[in-house]
**Q** 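Next up is a structure, given as structure tokens.
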Amino acid sequence: MSFGEQPAYLRVAGDLRQKIVDGKLPPHTRLPSQARIREQYGVSDTVALEARKVLMAEGLVEGRSGSGTYVREHPVPRRVLRTGYRTPGDVGLFRQEQADDGAKGTWEAYSEQEDAAPATAERLRIGAGGRVMRTRYLFRSEGEPMMLSTSWEPLALTGRTPVMLPEEGPLGGRGVVERMAAIDIVVDNVVEEVRARPGLAEETTALGGVPGHAVLVVERTFFAGGCPVETADVVVAADRFRLSYHLPVK
């Protein structure tokens, strides 16, 4: 096969995909049967089957037991704004994003102490098994699940202080920058790394999606003088949200 030449099943899948994108096969429409694809494109049963598998793997269609394969409804991706980190008055990234976007958000949070897993310890530059405060969040926008977040803070920094619990105490919910400033730690840098991966079953279920569908993961770490003070994984459904970065130019 020469460069640029596609296998037959990808050409068929590409044509069907374009019809879905163009609206010629709108949501909830039954995908042409394997026999119909074979006849329409002049391909074998194997090619027709593989083309349907491609569309299913891409999340464009879904099988319905005893009924057939149908085009899935895809909402227009909403924007998750990632912008400058405000201080003083930092009210947390999700709260900031909600205010900037004019949306109405709510959240649930649960904190508990644990021994840092090796990967978490590496990100926080502490010894494996070092004690951390883990806080799990589920954020909703307009009542719909929007974003998951799990954060870890070294108890060597925050333990036995008024900010040990991120969502409780006098500065509960005020965000990392302001909370750390209250214990004389000046946050001066933040790093975010974005990657995509298949969603874990518990993640996609919590976000109202389908297990195995892709999620975007933002690995975020706050630093003070080069020392990590908090790290977090922020997870959103890749087919429903996009990350929008607004960064100042100095």
Side-chain angles (χ1 to χ4, degrees), residues 1 4-81 94 97-98 101-108 137-149 194-218 233-244:
M1 183 179 298
E5 185 180 351
Q6 287 186 321
Y9 77 96
L10 289 182
R11 285 190 283 105
V12 173
D15 188 68
L16 291 170
R17 183 192 303 114
Q18 194 61 49
K19 289 179 179 178
I20 293 172
V21 172
D22 292 342
K24 296 177 181 178
L25 288 173
H28 310 296
T29 299
R30 187 173 181 176
L31 193 72
S33 67
Q34 186 170 316
R36 178 63 179 157
I37 292 174
R38 182 191 64 211
E39 295 171 2
Q40 182 177 349
Y41 293 95
V43 295
S44 67
D45 280 330
T46 300
V47 169
L49 177 60
E50 290 301 314
R52 289 160 62 91
K53 286 182 178 179
V54 167
L55 299 177
M56 190 166 292
E58 292 176 350
L60 293 173
V61 301
E62 60 185 356
R64 299 180 186 175
S65 180
S67 179
T69 304
Y70 292 80
V71 177
R72 290 185 62 217
E73 185 169 3
H74 282 266
V76 176
R78 288 186 52 198
R79 181 182 60 167
V80 177
L81 180 63
F94 176 75
E97 290 156 0
Q98 292 288 291
D101 207 28
K104 296 179 181 179
T106 60
W107 53 90
E108 303 168 16
Y137 295 88
L138 170 60
F139 299 101
R140 291 185 174 90
S141 180
E142 307 291 348
E144 294 295 322
M146 172 186 177
M147 182 166 61
L148 298 172
S149 178
V194 183
R195 62 189 175 95
R197 61 165 170 78
L200 304 178
E202 55 267 31
E203 292 171 337
T204 52
T205 298
L207 292 171
V210 177
H213 281 189
V215 295
L216 296 175
V217 182
V218 181
D233 287 343
V234 181
V235 180
V236 298
D239 62 339
R240 300 198 342 252
F241 295 95
R242 63 184 182 183
L243 302 177
S244 176

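Side chains are part of it too, since the values below use all heavy atoms of this structure and drop only hydrogens, waters and symmetry mates.
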**Q** Kindly give the heavy-atom pair with the smallest separation between F139 and S149, and that separation in Å.
**A**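 Answer, listing the atom of F139 first, then S149: CE1-CB, 3.8 Å.
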**Q** Between atom OG1 of T205 and atom CG of L200, what is the distance when rounded to the nearest 0.5 Å?
**A**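 The CG atom of L200 is 10.0 Å from OG1 of T205, to the nearest 0.5 Å.
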**Q** Looking at L216 and F241, what are the two nearest heavy atoms and their distance?
**A**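 Smallest interatomic distance, heavy atoms only, reads CD1-O, 4.0 Å.
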**Q** Mind checking whether E50 and V43 have side chains closer than 4.5 Å, heavy atoms only?
**A**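 When only atoms from C-beta onward are counted, V43 and E50 do not touch, as no gap falls below 4.5 Å.
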**Q** Compare all side-chain heavy atoms of V234 with those of M147 and state whether any distance is below 4.5 angstrom.
**A**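 V234 reaches M147 side chain to side chain.
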**Q** For V61 and R52: C-alpha separation, side-chain torsions, deciding distance, then whether side chain to side chain contact (heavy atoms under 4.5 Å, CB included) applies.
**A** CA-CA 8 Å; V61 301; R52 289 160 62 91; over 6 Å; no
**Q** Ignoring hydrogens and geometry, is there a side-chain-to-backbone donor-acceptor pair from R72 to G59 under 3.5 Å?
**A** yes
**Q** Salt-bridged, E144 to R240, with N to O below 4.0 Å?
**A** no
**Q** Output the distance between atom CZ (R64) and atom OG1 (T69), rounded to the nearest 0.5 Å.
**A** 9.5 Å
**Q** Where is the tightest heavy-atom contact between L148 and A206, given as atom of each residue plus distance?
**A**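 It is CD2-CB, 4.1 Å.
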**Q** Would you call K24 and Q18 a side-chain contact if the rule is heavy atoms closer than 4.5 Å?
**A** no
**Q** Answer whether the closest heavy-atom distance between the side chains of V54 and R17 falls below 4.5 Å.
**A**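 Counting from C-beta outward, V54 and R17 do come under 4.5 Å.
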**Q** Do I37 and L16 come close enough that some side-chain heavy atom pair is under 4.5 Å?
**A**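 Yes, their side chains come closer than 4.5 Å.
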**Q** Measure the CD-CD distance between Q34 and E39 for me, rounded to the nearest 0.5 Å.
**A** 11.5 Å
**Q** Around atom CZ of R197, are there more than 12 heavy atoms of other residues, nucleotides or ligands at under 6.0 Å?
**A** yes
**Q** Which heavy-atom pair separates V215 from E203 by the least distance, and what is that distance?
**A**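 Scanning both residues completely, I find the closest heavy atoms to be CG2-OE1, 4.3 Å.
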**Q** Test of understanding: with side chain to side chain contact (heavy atoms under 4.5 Å, CB included), list the residues that count as partners of S65, not counting sequence neighbours.
**A** none
**Q** Scan L60, L55, L25 and name whichever one has a side-chain contact (heavy atoms from CB on, under 4.5 Å) with V71.
**A** L25
**Q** Applying side chain to side chain contact (heavy atoms under 4.5 Å, CB included) to L49 and K53, what does each step give before you reach the verdict?
**A** CA-CA 6 Å; L49 177 60; K53 286 182 178 179; 3.9 Å; yes
**Q** If you measure from the Lys or Arg side-chain nitrogens to the Asp or Glu carboxylate oxygens, is any gap between D15 and K19 under 4.0 Å?
**A**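 Answer for the salt bridge query: yes.
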